[in-house]
Student: 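There's a structure below that I have some questions on.
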Number of protein chains: 2
Amino acid sequence: MEALPDTPPKSGQPATIAGVAARAGVGLATVSRVVNGHPNVAGPTRERVLAAILELDYRPSSVARNLSLRRTFVIGVVVPFFTSDSAVERVRGIVAGLEASPYDLALFDVESPDRRRRAFDMFGRGDRADGLLAVSLVPPDAELARLEAAQIPCVLVDAPHPSLPCVVSDDVAGGEVATRYLLDLGHRRIAFVGDKPPDRFRFRSSRDRTEGYLRALARAGLERQPGYVRQGTQSRHVARSIAEELLRLPEPPTAIFAASDTQALGVLEAARDLGIRVPDELSVVGFDDIEAASYVGLTTVRQPLFESGRRGAELLLQALAGEPFAVRTETLPLELVVRRSTGPRKR
Amino acid sequence: MEALPDTPPKSGQPATIAGVAARAGVGLATVSRVVNGHPNVAGPTRERVLAAILELDYRPSSVARNLSLRRTFVIGVVVPFFTSDSAVERVRGIVAGLEASPYDLALFDVESPDRRRRAFDMFGRGDRADGLLAVSLVPPDAELARLEAAQIPCVLVDAPHPSLPCVVSDDVAGGEVATRYLLDLGHRRIAFVGDKPPDRFRFRSSRDRTEGYLRALARAGLERQPGYVRQGTQSRHVARSIAEELLRLPEPPTAIFAASDTQALGVLEAARDLGIRVPDELSVVGFDDIEAASYVGLTTVRQPLFESGRRGAELLLQALAGEPFAVRTETLPLELVVRRSTGPRKR
DNA sequence: GGGGTGTCTGGAAGCGCTTCCATGCCGCGT
DNA sequence: ACGCGGCATGGAAGCGCTTCCAGACACCCC
């Protein structure tokens, strides 16, 4: 790799391959060969071209190259960015996984349904990205069909789909483990704070975690308490007010399992506001193990967020490399991390 | 806006403008006109074209269009993604600011210097993005020159530059405010935990905050204590061990000002590990006011992170729209947020 | 010495779009 | 009736690159 000059030339328009060719006194094809490291270019010729490139501060137009090659060297990442801290951590994993590859990353936040539609719309053409990574949401089938038609591979992270490679964790099991842990600590009045049921695109993790929760209760022979399952949005504040309601119940829970750490943090806040001591009077378990969890000492179900992104990127890269990839869902391990927010039932 | 069919046609390759033209029995130019909403297309013709588009599930190739138009409709965002939570929040602001625009966002994490070089390298050509947003770092001058030559506007968020529009906050003032607050509480032994001095690209916020800290001390007539200014990386763990050292000093500080909330959280952890009570025995002030700060009750200097991103996007959009934009730095207000991590000196 | 067999090179087509320009047509005014 | 402005339309060039293909040449072996 040659060092580039530190000051680009004054020229108005950026140099094109034709300019370089002219300057070096060779044909376009030859310049292209040199640029792309093809063999069969005579030493001296190569030198001349290289010199011209340097002098002109030439850099190939990626757009033109894309058009010609029918590849973009970008990987699209569709992610509900705002909604959760965990999504960010996953994206970090993706970035890391792409690090060594020639692919760039185009990020699409799809908070609004409109934006979501638009995102998939663009990728559908197959010329915005060579591959797609969807985080915490499953693309509508119509778009999936388009993607397939356009031959652009897609892998899902934290979302299941029968005909796509997915990297997920077993949310049902996670919910069950968390709840069982609470049961083992002697708790019987265990409430749940989660998200609203998923819409057509959105994560179903919360639902699955609810299921795990219910299953654990059932296995323990406990009846489901009607007011104990609450649903809001993936936000600390909403979780907080929900938790307040819960804690003001005539028979308040002695433990709360939240479908995400973000929500668990809201629960902790509510407890603090109400002067309820954690874990003495209330045990709280979250889900995800985001950064914040460790410094507030939240017991949680750790999910390898970063790793899920990294692995997703890896799978996509493989697909892009033409390796036959199994269309199967890969389940990452969950792990209960016990910290200071849980303890035995005391009353 | 017509509703698109829910199932794309089975065809192998995506439809091109030529296909649509043939199908509708018109010329390419006409299809292009219809697609781009030009006037001067007869009603019935337009209908036929529209029908063909629907039938073929045609969507224009953005690459081809980019090449022809010499625009990409993407905005590049260069950001040290991993290093700080605050950067993420800024990116969120950027996303929000771009929401209503036709521009997409391409995110470049530039953790490694290599990656950084590469990022600017690609943008230098001017065909990867129509505009550039650099977060918390200042691009090397050589690249800036290229950007200018390629006519691609660039605005900096959380980084200063004499010849570019910037959205910053007054870090020196912020550092001073935080420190003065501590002084007012009666503290005299005030330590500082910050980042290493900036390299050629990297944020200088920490340095400026240090300066504010020193200035406040000086104004109070306090001598700078040699071991009290420590520098590590923008990471909780590093800050934590630095803080431990600090707190084990023969004359430990009674207050610590950290250059970022992330680092402040590390400091809090160190205190907890050492059994030092906050705020009774140690006051801690952070900087940024990230989410986490509020739920651990960290006193901090609030910086409008989200807003800085949003505003940066706004400025860039203006530039892109051809509005003459003043090359001046815009300083966003800072605000001291007092929470539970600070209190009067007690010993 | 002639016909391979290679290496090196340039021309030109093509990627899918936009847009300038020329053409054909209509209706209007005189 | 005829000419002209303007609307509607298609052809073709061009955006900057890759790559197929063919030509030029050198070299080698029989």
Side-chain angles (χ1 to χ4, degrees), chain A residues 11-50 52-53 56-73 102 122 124-128 130 150-151, chain B residues 11-50 52-53 56-73 102 122 124-128 130 150-151:
Chain A
S11 60
Q13 293 304 308
T16 74
I17 204 173
V20 176
R23 174 103 186 190
V26 300
L28 314 184
T30 302
V31 176
S32 176
R33 282 185 204 107
V34 171
V35 169
N36 296 296
H38 287 228
N40 293 353
V41 176
T45 312
R46 160 169 279 115
E47 293 307 318
R48 285 217 311 286
V49 172
L50 253 18
I53 287 178
L56 265 35
D57 190 39
Y58 166 73
R59 36 200 69 193
S61 155
S62 44
V63 177
R65 149 176 281 202
N66 290 347
L67 181 58
S68 195
L69 249 26
R70 290 133 147 275
R71 303 185 57 184
T72 65
F73 290 100
M122 27 190 28
R125 183 57 169 71
D127 69 344
R128 296 298 297 234
D130 296 343
Q151 306 251 42
Chain B
S11 61
Q13 291 304 308
T16 73
I17 204 173
V20 175
R23 174 106 185 185
V26 301
L28 314 185
T30 302
V31 176
S32 177
R33 282 185 203 106
V34 171
V35 169
N36 297 297
H38 287 228
N40 293 354
V41 176
T45 313
R46 159 169 282 118
E47 293 309 317
R48 284 219 310 289
V49 172
L50 253 17
I53 288 179
L56 266 34
D57 190 39
Y58 166 74
R59 37 199 68 193
S61 155
S62 45
V63 177
R65 146 176 282 201
N66 289 347
L67 182 58
S68 195
L69 249 28
R70 288 132 150 275
R71 301 185 59 184
T72 65
F73 290 100
M122 25 192 28
R125 184 54 168 72
D127 68 346
R128 297 297 298 234
D130 296 344
Q151 305 251 44

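Note on naming: letters A, B, ... go to the chains in the order of the sequence lines (proteins, then strands), and numbering restarts at 1 for each one.
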Student: Is it true that, when you exclude A:Glu47 itself, more than 12 heavy atoms of the residues, nucleotides or ligands shown sit nearer than 6.0 Å to its CD?
Tutor: yes
Student: OP1 or OP2 of D:dT18 versus the side-chain N and O atoms of A:Ser32: is any pair under 4.0 Å?
Tutor: yes
Student: Base, sugar-phosphate or nothing for A:Ala29? Non-hydrogen atoms, less than 4.0 Å.
Tutor: base
Student: What is the distance, rounded to the nearest whole Å, between atom CG of B:Asn66 and atom C1' of C:dC15?
Tutor: 13 Å
Student: For the pair made of CZ in A:Arg48 and C1' in C:dG10, what is the distance, rounded to whole Å?
Tutor: 13 Å
Student: May I have the distance from B:Arg46 (atom CZ) to D:dC7 (atom C1'), rounded to whole angstrom?
Tutor: 13 Å
Student: Look at B:Arg70 and D:dG16 and indicate whether a side-chain polar atom (N or O) is within less than 4.0 Å of OP1 or OP2.
Tutor: yes
Student: Does A:Asn40 make a side-chain N or O approach to OP1 or OP2 of C:dT7 shorter than 4.0 Å?
Tutor: no
Student: With DNA chain C as reference, determine whether A:Leu28 or A:Thr45 sits nearer its 5' end, using the nearest nucleotide of each.
Tutor: A:Thr45
Student: Write down the distance between NE2 (B:His38) and C1' (C:dC20), rounded to a whole number of angstrom.
Tutor: 13 Å
Student: Can you see which heavy atom on B:Leu28 is nearest to which on B:Ile17, and at what distance?
Tutor: O-CD1, 4.0 Å
Student: Test A:Val26 against every option in A:Arg48, A:Arg46, A:Arg33 by the side chain to side chain contact (heavy atoms under 4.5 Å, CB included) rule and name the one that passes.
Tutor: A:Arg48
Student: State which of C:dC15, C:dC17, C:dC20 makes the closest approach to the side chain of B:Arg33.
Tutor: C:dC20
Student: So B:Gly25, base contact, sugar-phosphate only, or nothing? Heavy-atom distance under 4.0 Å.
Tutor: sugar-phosphate
Student: Of the non-hydrogen atoms in B:Ala64 and B:Ser61, which two are nearest, and what is the gap between them?
Tutor: N-OG, 3.1 Å
Student: Rounded to whole angstroms, how far apart are CD1 on A:Ile17 and C1' on D:dT19?
Tutor: 11 Å
Student: Looking only at N and O atoms, is any donor in the side chain of B:Ser68 or the base of C:dG16 less than 3.5 Å from an acceptor on the other one?
Tutor: no
Student: Give B:Val26 one of three labels, base, sugar-phosphate or nothing, depending on what nucleic acid heavy atoms sit under 4.0 Å from its own.
Tutor: sugar-phosphate
Student: Yes or no on side-chain contact (heavy atoms from CB on, under 4.5 Å) for B:Ile53 and B:Leu50, after CA distance, side-chain angles and deciding distance?
Tutor: CA-CA 5 Å; B:Ile53 288 179; B:Leu50 253 17; 4.3 Å; yes
Student: Between P on D:dC20 and CG on A:Leu69, what's the gap in Å once rounded to a whole number?
Tutor: 11 Å
Student: Closest heavy-atom contact between A:Phe73 and A:Asp130?
Tutor: N-OD2, 2.7 Å
Student: Report yes if at least one side-chain N or O of A:Asn36 is closer than 4.0 Å to OP1 or OP2 of D:dT18; otherwise report no.
Tutor: yes
Student: Given D:dC15, D:dT19, D:dC17, which nucleotide is nearest the side-chain atoms of B:Leu67?
Tutor: D:dC15
Student: With nearest nucleotide decided by heavy atoms, which residue, B:Thr30 or A:Val63, maps closer to the 5′ end of DNA chain D?
Tutor: B:Thr30
Student: Look at the side chain of B:Thr16 and decide which nucleotide, out of D:dG16, C:dG16, C:dT19, has an atom nearest to it.
Tutor: C:dG16
Student: Within this structure, what is the CZ-to-P distance between A:Arg128 and C:dG16, rounded to whole angstrom?
Tutor: 16 Å
Student: Could you check how far CD of A:Glu47 sits from C1' of C:dC8, rounded to whole Å?
Tutor: 16 Å
